[in-house]
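What follows is a set of notes on a single structure, which appears directly below.
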Amino acid sequence: MAPQSSDLKPDMPKIAGMKADHAVSYHFDAFPPDQLDITALYKLIAHTTDAIARFDQMLKGMHNSEILLAPLRNQEAVISSRMEGTISTIDEILQYEAEYDDHKHGAVREARHEVVETWLYQRALKTGQKALSEGYSFTEFLVRQMHQELLSFGRGAEKTPGLYKTEQNFLVDKIAKEIMFIPISPEKLEDGMQKLFLYMNNAEEQILLKTAISHVEFEALHPFQDGNGRIGRMLITLLLWQHKVISQPHFYISGYLEEHKDEYIERMRRVSSHGEWTQWCAFFLEMLEQQAIRNLTITEKIQHLYEDMKIQFSSILSSKWSIQAVDYIFANPIFLNTKFVRDSGIHKASARKLPPLLEKANMLKKLRPGTGQQAAIYGFEPLLELVRV
(Lines give C-alpha, C1' and ligand atoms only; values in the text may rest on other atoms or scores of the structure.)
Protein backbone atom coordinates (compact mmCIF):
# COMPACT_ATOMS: atom_id res chain seq x y z
CA MET A 1 0.00 0.00 0.00
CA ALA A 2 1.28 3.45 -0.82
CA PRO A 3 0.06 6.89 0.22
CA GLN A 4 -1.79 8.96 -2.29
CA SER A 5 -2.49 12.66 -2.12
CA SER A 6 -5.89 14.34 -2.14
CA ASP A 7 -7.21 17.75 -1.25
CA LEU A 8 -10.12 16.21 0.69
CA LYS A 9 -10.55 16.55 4.43
CA PRO A 10 -10.18 13.54 6.75
CA ASP A 11 -13.92 13.50 7.44
CA MET A 12 -14.67 13.33 3.70
CA PRO A 13 -12.31 10.62 2.42
CA LYS A 14 -13.05 10.12 -1.24
CA ILE A 15 -10.61 9.23 -3.97
CA ALA A 16 -11.88 8.30 -7.38
CA GLY A 17 -12.83 4.62 -7.36
CA MET A 18 -11.82 4.16 -3.69
CA LYS A 19 -14.04 2.98 -0.86
CA ALA A 20 -13.67 4.34 2.67
CA ASP A 21 -15.98 2.02 4.60
CA HIS A 22 -13.20 0.75 6.88
CA ALA A 23 -10.95 3.80 6.92
CA VAL A 24 -9.29 4.60 10.26
CA SER A 25 -8.43 8.21 11.17
CA TYR A 26 -5.54 9.60 13.18
CA HIS A 27 -5.77 9.25 17.00
CA PHE A 28 -6.09 12.85 18.18
CA ASP A 29 -5.22 13.49 21.86
CA ALA A 30 -4.01 9.90 22.34
CA PHE A 31 -0.25 10.41 21.94
CA PRO A 32 1.77 9.60 23.87
CA PRO A 33 -0.26 6.77 25.41
CA ASP A 34 -1.27 7.31 29.03
CA GLN A 35 -0.03 3.90 30.06
CA LEU A 36 1.15 0.58 28.69
CA ASP A 37 0.59 -2.86 30.18
CA ILE A 38 4.22 -3.33 31.15
CA THR A 39 3.45 -6.67 32.81
CA ALA A 40 2.29 -8.04 29.48
CA LEU A 41 5.45 -6.73 27.79
CA TYR A 42 8.05 -7.63 30.41
CA LYS A 43 9.09 -11.02 29.01
CA LEU A 44 9.09 -9.72 25.45
CA ILE A 45 11.37 -6.84 26.45
CA ALA A 46 13.76 -9.29 28.13
CA HIS A 47 13.84 -11.67 25.14
CA THR A 48 14.26 -8.86 22.66
CA THR A 49 17.01 -7.20 24.68
CA ASP A 50 18.87 -10.50 24.86
CA ALA A 51 18.58 -11.15 21.11
CA ILE A 52 19.79 -7.65 20.23
CA ALA A 53 22.67 -7.97 22.72
CA ARG A 54 23.84 -11.18 21.05
CA PHE A 55 23.78 -9.49 17.67
CA ASP A 56 25.59 -6.44 19.00
CA GLN A 57 28.26 -8.60 20.59
CA MET A 58 28.92 -9.93 17.10
CA LEU A 59 29.21 -6.37 15.79
CA LYS A 60 31.72 -5.45 18.48
CA GLY A 61 33.86 -8.46 17.63
CA MET A 62 34.05 -7.72 13.91
CA HIS A 63 37.27 -6.47 12.35
CA ASN A 64 35.43 -3.56 10.72
CA SER A 65 31.65 -3.73 10.78
CA GLU A 66 31.31 -0.72 8.47
CA ILE A 67 33.29 -2.53 5.78
CA LEU A 68 31.78 -5.96 6.23
CA LEU A 69 28.16 -4.91 6.63
CA ALA A 70 28.04 -2.16 4.01
CA PRO A 71 26.14 -4.50 1.61
CA LEU A 72 23.42 -4.96 4.25
CA ARG A 73 22.59 -1.26 4.01
CA ASN A 74 21.87 -1.84 0.33
CA GLN A 75 19.84 -4.93 1.20
CA GLU A 76 17.72 -2.86 3.59
CA ALA A 77 17.28 -0.18 0.93
CA VAL A 78 16.02 -2.75 -1.57
CA ILE A 79 13.52 -4.34 0.84
CA SER A 80 12.25 -1.10 2.40
CA SER A 81 11.77 0.46 -1.03
CA ARG A 82 10.11 -2.72 -2.30
CA MET A 83 7.52 -2.41 0.46
CA GLU A 84 6.47 0.86 -1.19
CA GLY A 85 6.29 -0.68 -4.66
CA THR A 86 9.79 0.30 -5.85
CA ILE A 87 11.34 -2.86 -7.27
CA SER A 88 15.09 -3.21 -7.79
CA THR A 89 17.85 -5.69 -7.00
CA ILE A 90 20.97 -5.46 -4.90
CA ASP A 91 23.08 -6.19 -7.98
CA GLU A 92 21.54 -3.20 -9.78
CA ILE A 93 22.08 -0.89 -6.82
CA LEU A 94 25.69 -1.94 -6.29
CA GLN A 95 26.53 -1.59 -9.97
CA TYR A 96 24.88 1.83 -10.08
CA GLU A 97 26.84 2.84 -6.99
CA ALA A 98 30.05 1.49 -8.50
CA GLU A 99 29.74 3.37 -11.76
CA TYR A 100 28.82 6.80 -10.49
CA ASP A 101 30.33 9.03 -7.86
CA ASP A 102 27.85 10.74 -5.53
CA HIS A 103 28.59 14.22 -6.85
CA LYS A 104 27.92 13.12 -10.43
CA HIS A 105 24.44 11.72 -9.89
CA GLY A 106 22.92 14.59 -11.87
CA ALA A 107 24.60 13.35 -15.04
CA VAL A 108 24.16 9.59 -14.79
CA ARG A 109 23.42 7.21 -17.61
CA GLU A 110 19.90 6.04 -18.33
CA ALA A 111 19.11 4.08 -15.17
CA ARG A 112 15.76 2.72 -14.08
CA HIS A 113 14.14 5.21 -11.72
CA GLU A 114 13.53 2.37 -9.24
CA VAL A 115 17.29 1.83 -9.01
CA VAL A 116 17.96 5.52 -8.40
CA GLU A 117 15.24 5.73 -5.73
CA THR A 118 16.59 2.71 -3.88
CA TRP A 119 20.14 4.01 -4.12
CA LEU A 120 18.99 7.29 -2.57
CA TYR A 121 17.56 5.36 0.41
CA GLN A 122 20.96 4.39 1.72
CA ARG A 123 22.26 7.92 1.09
CA ALA A 124 19.44 9.29 3.26
CA LEU A 125 20.21 6.77 5.99
CA LYS A 126 23.87 7.80 5.92
CA THR A 127 22.78 11.43 6.30
CA GLY A 128 20.97 10.57 9.53
CA GLN A 129 23.87 8.48 10.82
CA LYS A 130 26.37 11.25 10.14
CA ALA A 131 24.29 13.88 11.95
CA LEU A 132 23.80 11.71 15.05
CA SER A 133 27.48 10.72 15.09
CA GLU A 134 28.33 14.43 15.19
CA GLY A 135 26.21 14.90 18.30
CA TYR A 136 22.98 16.22 16.83
CA SER A 137 19.69 15.03 18.29
CA PHE A 138 16.53 14.09 16.45
CA THR A 139 14.90 17.25 15.15
CA GLU A 140 12.41 18.11 12.47
CA PHE A 141 15.28 19.67 10.53
CA LEU A 142 17.22 16.39 10.51
CA VAL A 143 14.26 14.29 9.39
CA ARG A 144 13.42 16.80 6.68
CA GLN A 145 17.05 16.75 5.56
CA MET A 146 16.92 12.94 5.31
CA HIS A 147 13.68 13.20 3.35
CA GLN A 148 15.22 15.73 1.00
CA GLU A 149 18.08 13.31 0.36
CA LEU A 150 15.68 10.42 -0.17
CA LEU A 151 13.68 12.24 -2.85
CA SER A 152 16.44 14.42 -4.27
CA PHE A 153 16.58 12.86 -7.72
CA GLY A 154 14.28 11.09 -10.16
CA ARG A 155 10.53 10.79 -9.60
CA GLY A 156 10.89 11.78 -5.94
CA ALA A 157 12.03 15.28 -6.91
CA GLU A 158 8.41 16.03 -7.84
CA LYS A 159 7.17 15.04 -4.35
CA THR A 160 8.34 18.19 -2.48
CA PRO A 161 11.49 16.68 -0.91
CA GLY A 162 12.22 18.03 2.56
CA LEU A 163 8.84 19.73 2.89
CA TYR A 164 5.82 18.69 4.92
CA LYS A 165 2.62 17.82 3.11
CA THR A 166 0.21 20.63 2.29
CA GLU A 167 -2.65 18.39 1.17
CA GLN A 168 -4.34 15.53 2.99
CA ASN A 169 -2.76 12.16 2.21
CA PHE A 170 -4.15 8.66 2.63
CA LEU A 171 -2.88 5.12 2.91
CA VAL A 172 -4.61 3.13 0.22
CA ASP A 173 -4.96 -0.57 -0.53
CA LYS A 174 -4.70 -0.34 -4.29
CA ILE A 175 -5.75 -3.95 -4.86
CA ALA A 176 -8.92 -3.68 -2.78
CA LYS A 177 -9.38 -0.05 -3.92
CA GLU A 178 -9.96 1.03 -0.35
CA ILE A 179 -8.72 3.83 1.89
CA MET A 180 -7.15 2.16 4.93
CA PHE A 181 -5.88 5.07 6.99
CA ILE A 182 -6.32 8.85 7.12
CA PRO A 183 -3.25 10.52 8.69
CA ILE A 184 -3.29 13.80 10.56
CA SER A 185 -4.37 16.79 8.49
CA PRO A 186 -1.74 19.25 7.21
CA GLU A 187 -3.00 22.12 9.35
CA LYS A 188 -2.48 20.05 12.52
CA LEU A 189 0.74 18.39 11.46
CA GLU A 190 3.19 20.91 12.94
CA ASP A 191 1.80 20.43 16.44
CA GLY A 192 1.86 16.67 15.99
CA MET A 193 5.48 16.66 14.86
CA GLN A 194 6.56 18.85 17.74
CA LYS A 195 4.94 16.45 20.20
CA LEU A 196 6.66 13.52 18.52
CA PHE A 197 10.15 15.01 18.73
CA LEU A 198 9.57 16.17 22.29
CA TYR A 199 8.72 12.57 23.15
CA MET A 200 11.65 11.10 21.21
CA ASN A 201 14.19 13.37 22.87
CA ASN A 202 12.82 13.67 26.41
CA ALA A 203 10.49 10.81 27.36
CA GLU A 204 11.88 8.45 29.99
CA GLU A 205 10.32 5.40 28.35
CA GLN A 206 12.24 2.13 28.10
CA ILE A 207 14.10 2.60 24.81
CA LEU A 208 12.60 -0.37 22.93
CA LEU A 209 9.12 0.85 23.83
CA LYS A 210 10.04 4.43 22.97
CA THR A 211 11.23 3.26 19.56
CA ALA A 212 8.02 1.30 19.00
CA ILE A 213 5.81 4.24 19.95
CA SER A 214 7.89 6.78 17.99
CA HIS A 215 7.73 4.68 14.85
CA VAL A 216 3.98 4.14 14.86
CA GLU A 217 3.35 7.80 15.68
CA PHE A 218 5.53 8.95 12.78
CA GLU A 219 3.66 6.65 10.42
CA ALA A 220 0.30 7.87 11.74
CA LEU A 221 1.31 11.49 11.21
CA HIS A 222 2.57 10.64 7.69
CA PRO A 223 4.13 14.10 7.41
CA PHE A 224 5.37 13.96 3.82
CA GLN A 225 3.70 13.62 0.46
CA ASP A 226 5.82 10.52 -0.22
CA GLY A 227 8.59 8.49 1.43
CA ASN A 228 7.03 8.24 4.91
CA GLY A 229 7.38 4.47 5.25
CA ARG A 230 11.04 4.50 4.31
CA ILE A 231 11.91 7.41 6.62
CA GLY A 232 9.92 5.81 9.44
CA ARG A 233 11.87 2.57 9.17
CA MET A 234 15.18 4.45 9.13
CA LEU A 235 14.20 6.05 12.44
CA ILE A 236 14.08 2.63 14.09
CA THR A 237 17.74 1.91 13.36
CA LEU A 238 18.81 5.44 14.24
CA LEU A 239 16.96 5.51 17.58
CA LEU A 240 18.42 2.17 18.65
CA TRP A 241 21.89 3.40 17.75
CA GLN A 242 21.50 6.82 19.34
CA HIS A 243 20.52 5.20 22.63
CA LYS A 244 23.39 2.68 22.40
CA VAL A 245 21.14 -0.36 22.18
CA ILE A 246 23.40 -1.23 19.26
CA SER A 247 27.01 -0.09 19.07
CA GLN A 248 26.94 0.44 15.30
CA PRO A 249 24.07 1.59 13.05
CA HIS A 250 23.63 -1.80 11.43
CA PHE A 251 20.24 -3.05 12.56
CA TYR A 252 17.91 -3.37 9.59
CA ILE A 253 14.30 -4.43 10.05
CA SER A 254 12.49 -4.34 6.71
CA GLY A 255 12.92 -8.07 6.03
CA TYR A 256 10.58 -9.07 8.84
CA LEU A 257 8.15 -6.24 8.15
CA GLU A 258 7.87 -7.14 4.47
CA GLU A 259 6.98 -10.73 5.36
CA HIS A 260 4.39 -9.55 7.91
CA LYS A 261 3.21 -6.47 6.04
CA ASP A 262 -0.51 -7.08 6.46
CA GLU A 263 -0.20 -7.57 10.21
CA TYR A 264 2.19 -4.60 10.44
CA ILE A 265 -0.34 -2.29 8.83
CA GLU A 266 -3.30 -3.66 10.79
CA ARG A 267 -1.47 -3.31 14.12
CA MET A 268 -0.74 0.32 13.31
CA ARG A 269 -4.35 0.94 12.31
CA ARG A 270 -5.62 -0.52 15.57
CA VAL A 271 -3.50 1.91 17.57
CA SER A 272 -5.70 4.65 16.14
CA SER A 273 -8.99 2.75 16.00
CA HIS A 274 -8.85 0.91 19.34
CA GLY A 275 -5.99 2.46 21.30
CA GLU A 276 -4.01 -0.80 21.15
CA TRP A 277 -0.62 0.67 22.03
CA THR A 278 0.40 -2.33 24.16
CA GLN A 279 -0.50 -4.81 21.40
CA TRP A 280 1.46 -2.72 18.92
CA CYS A 281 4.49 -2.72 21.23
CA ALA A 282 4.23 -6.51 21.58
CA PHE A 283 4.26 -6.91 17.79
CA PHE A 284 7.17 -4.48 17.50
CA LEU A 285 9.22 -6.29 20.15
CA GLU A 286 8.62 -9.62 18.42
CA MET A 287 9.76 -8.02 15.18
CA LEU A 288 12.96 -6.71 16.78
CA GLU A 289 13.73 -10.07 18.39
CA GLN A 290 13.22 -12.08 15.22
CA GLN A 291 15.14 -9.58 13.10
CA ALA A 292 18.02 -9.59 15.59
CA ILE A 293 18.24 -13.37 15.19
CA ARG A 294 18.24 -13.02 11.40
CA ASN A 295 20.80 -10.23 11.52
CA LEU A 296 23.09 -12.33 13.69
CA THR A 297 22.85 -15.27 11.28
CA ILE A 298 23.72 -13.23 8.18
CA THR A 299 26.45 -11.31 10.01
CA GLU A 300 28.08 -14.54 11.16
CA LYS A 301 28.03 -15.82 7.58
CA ILE A 302 29.65 -12.63 6.32
CA GLN A 303 32.28 -12.78 9.06
CA HIS A 304 33.10 -16.42 8.30
CA LEU A 305 33.34 -15.64 4.58
CA TYR A 306 35.66 -12.74 5.34
CA GLU A 307 38.01 -14.89 7.43
CA ASP A 308 38.06 -17.55 4.71
CA MET A 309 38.74 -14.99 1.98
CA LYS A 310 41.67 -13.50 3.88
CA ILE A 311 43.36 -16.89 3.66
CA GLN A 312 42.41 -17.52 0.04
CA PHE A 313 43.30 -14.04 -1.22
CA SER A 314 46.67 -14.27 0.49
CA SER A 315 47.36 -17.58 -1.22
CA ILE A 316 46.15 -16.43 -4.65
CA LEU A 317 47.76 -12.99 -4.68
CA SER A 318 50.98 -13.63 -2.78
CA SER A 319 50.96 -9.93 -2.04
CA LYS A 320 51.32 -7.72 1.00
CA TRP A 321 48.19 -5.96 -0.27
CA SER A 322 45.87 -8.98 0.06
CA ILE A 323 44.06 -7.74 3.21
CA GLN A 324 43.44 -4.33 1.64
CA ALA A 325 42.02 -6.11 -1.41
CA VAL A 326 39.70 -8.20 0.76
CA ASP A 327 38.49 -5.13 2.66
CA TYR A 328 37.77 -3.13 -0.46
CA ILE A 329 35.91 -5.96 -2.19
CA PHE A 330 33.76 -6.74 0.86
CA ALA A 331 32.77 -3.09 1.10
CA ASN A 332 32.22 -2.94 -2.68
CA PRO A 333 31.15 -6.40 -3.90
CA ILE A 334 30.54 -4.88 -7.34
CA PHE A 335 33.24 -2.43 -8.39
CA LEU A 336 34.94 -0.73 -11.30
CA ASN A 337 38.53 -1.74 -11.86
CA THR A 338 39.53 1.92 -12.10
CA LYS A 339 37.95 2.68 -8.71
CA PHE A 340 39.74 -0.28 -7.18
CA VAL A 341 43.03 1.12 -8.43
CA ARG A 342 42.17 4.61 -7.21
CA ASP A 343 40.45 3.94 -3.86
CA SER A 344 41.67 0.63 -2.42
CA GLY A 345 44.80 2.11 -0.84
CA ILE A 346 46.93 -0.35 -2.78
CA HIS A 347 49.95 0.82 -4.79
CA LYS A 348 48.56 1.50 -8.27
CA ALA A 349 50.89 -0.82 -10.15
CA SER A 350 49.91 -3.70 -7.85
CA ALA A 351 46.23 -2.77 -7.80
CA ARG A 352 45.97 -3.10 -11.58
CA LYS A 353 47.18 -6.71 -11.40
CA LEU A 354 45.04 -8.02 -8.55
CA PRO A 355 41.49 -8.21 -10.00
CA PRO A 356 42.59 -10.24 -13.06
CA LEU A 357 44.41 -12.66 -10.73
CA LEU A 358 41.28 -13.04 -8.59
CA GLU A 359 39.13 -13.51 -11.68
CA LYS A 360 41.45 -16.22 -12.96
CA ALA A 361 41.08 -18.00 -9.60
CA ASN A 362 37.25 -17.71 -9.83
CA MET A 363 37.11 -15.36 -6.85
CA LEU A 364 35.71 -12.53 -9.00
CA LYS A 365 33.35 -12.54 -11.96
CA LYS A 366 33.81 -10.01 -14.74
CA LEU A 367 30.39 -8.42 -15.23
CA ARG A 368 31.55 -6.14 -18.04
CA PRO A 369 34.85 -6.14 -19.91
CA GLY A 370 36.91 -2.99 -20.16
CA THR A 371 36.60 -1.35 -23.57
CA GLY A 372 38.26 1.90 -24.56
CA GLN A 373 37.33 4.49 -21.95
CA GLN A 374 34.89 2.14 -20.20
CA ALA A 375 36.39 0.37 -17.19
CA ALA A 376 35.81 -3.29 -16.44
CA ILE A 377 33.28 -4.15 -13.73
CA TYR A 378 33.84 -7.06 -11.34
CA GLY A 379 31.45 -8.81 -8.97
CA PHE A 380 32.29 -10.77 -5.83
CA GLU A 381 29.71 -13.53 -6.09
CA PRO A 382 30.24 -15.27 -2.71
CA LEU A 383 29.17 -12.13 -0.83
CA LEU A 384 26.43 -11.24 -3.30
CA GLU A 385 24.86 -14.66 -2.77
CA LEU A 386 24.60 -13.94 0.97
CA VAL A 387 22.90 -10.56 0.66
CA ARG A 388 20.58 -11.00 -2.31
CA VAL A 389 16.86 -10.77 -1.47
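In this chain, residues are counted from 1 in sequence order. Keep in mind that this is a model prediction, so the values were computed, not measured.
- Among pairs with a residue in residues 315-329, none fulfils salt bridge (charged side-chain N to carboxylate O under 4.0 Å, His left out), at least two apart in sequence or across chains.
- Between the CG atom in Leu59 and the CD atom in Gln248 there is a gap of 7.0 Å [rounded to 0.5 Å].
- Residue pairs satisfying the salt bridge (charged side-chain N to carboxylate O under 4.0 Å, His left out) criterion with at least one member in residues 243-258, sequence neighbours excluded, are listed as follows: Arg82-Glu258.
- For residues 295-319, every residue pair satisfying the ring-ring contact (aromatic ring centres under 6.0 Å, His included) rule, not counting sequence neighbours, is listed here: His63-Tyr306, Tyr306-Phe330.
- Atom CZ of Phe28 sits in a crowded spot, with more than 12 heavy atoms from other residues, nucleotides or ligands closer than 6.0 Å.
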Mind running side-chain contact (heavy atoms from CB on, under 4.5 Å) on Leu208 and Leu240 for me, showing each step along the way?
CA-CA 8 Å; Leu208 299 183; Leu240 294 177; 3.8 Å; yes
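- Aromatic rings of His27 and Phe31 (six-membered ring for Trp) have centroids beyond the 6.0 Å cut-off, not under it.
- Taking a 6.0 Å sphere around CD of Glu134, one finds it holds more than 12 heavy atoms contributed by other residues, nucleotides or ligands.
- Applying the salt bridge (charged side-chain N to carboxylate O under 4.0 Å, His left out) definition to pairs two or more places apart or across chains, those involving residues 194-223 are Asp191-Lys195.
- Considering only residues two or more places apart in sequence or on other chains, Lys310 meets the side chain to side chain donor-acceptor pair (under 3.5 Å) condition with Glu307.
- Here the straight-line distance linking atom CZ of Phe55 with atom CD of Glu300 works out to 10.5 Å at 0.5 Å rounding.
- A distance-only check finds no donor-acceptor pair linking the side chain of Gln95 to the backbone of Glu92 [under 3.5 Å].
- Applying the salt bridge (charged side-chain N to carboxylate O under 4.0 Å, His left out) rule to pairs touching residues 37-48 yields nothing, sequence neighbours excluded.
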Give the intermediate values and the outcome of salt bridge (charged side-chain N to carboxylate O under 4.0 Å, His left out) for residues Glu76 and Arg73.
CA-CA 5 Å; Glu76 173 72 1; Arg73 185 185 289 114; over 6 Å; no
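- With sequence neighbours excluded, the residues that form a side chain to side chain donor-acceptor pair (under 3.5 Å) with Ser247 are Asp56.
- A salt bridge does not link Glu84 to Arg230: none of the charged nitrogens lies less than 4.0 Å from a carboxylate oxygen.
- Residues passing the side chain to side chain donor-acceptor pair (under 3.5 Å) test with Glu286, sequence neighbours excluded: Gln290.
- Under the salt bridge (charged side-chain N to carboxylate O under 4.0 Å, His left out) criterion, Lys348 pairs with no residue, sequence neighbours left out.
- By the 30° and 60° cut-offs, the orientation of the rings of Trp280 relative to Phe283 is tilted.
- Annotation for Asp262: atom CG does not count as buried by contact number, only 12 or fewer foreign heavy atoms lying within 6.0 Å.
- Residues meeting the salt bridge (charged side-chain N to carboxylate O under 4.0 Å, His left out) test with Glu359, sequence neighbours left out: Lys366.
- Residues Gln324 and Ser344 bring no donor and acceptor atom of their side chains to less than 3.5 Å of each other.
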Run the side-chain donor-acceptor check on residues 375-389: report pairs under 3.5 Å with partners two or more places apart or on a different chain.
unit_1: Glu381; atom_1: OE1; unit_2: Arg388; atom_2: NH2; d: 3.2
unit_1: Glu381; atom_1: OE2; unit_2: Arg388; atom_2: NH1; d: 2.7
unit_1: Glu381; atom_1: OE2; unit_2: Arg388; atom_2: NH2; d: 3.1
unit_1: Arg388; atom_1: NE; unit_2: Asp91; atom_2: OD1; d: 2.8
unit_1: Arg388; atom_1: NE; unit_2: Asp91; atom_2: OD2; d: 3.4
unit_1: Arg388; atom_1: NH2; unit_2: Asp91; atom_2: OD2; d: 2.9

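- With Tyr164 as the aromatic partner, Arg144 meets the cation-pi criteria of under 6.0 angstrom to the ring centre and within 45 degrees of the ring axis.
- Legend: residues meeting side chain to side chain contact (heavy atoms under 4.5 Å, CB included) with Asn64, ordered by chain and number and at least two apart, are Glu66, Ile67.
- Side-chain atoms of Asn169 come within 3.5 Å of backbone atoms of His222 as a donor-acceptor pair (strictly under, hydrogens ignored).
- Residue His22 qualifies as open at atom NE2: its count of foreign heavy atoms under 6.0 Å is 12 or below.
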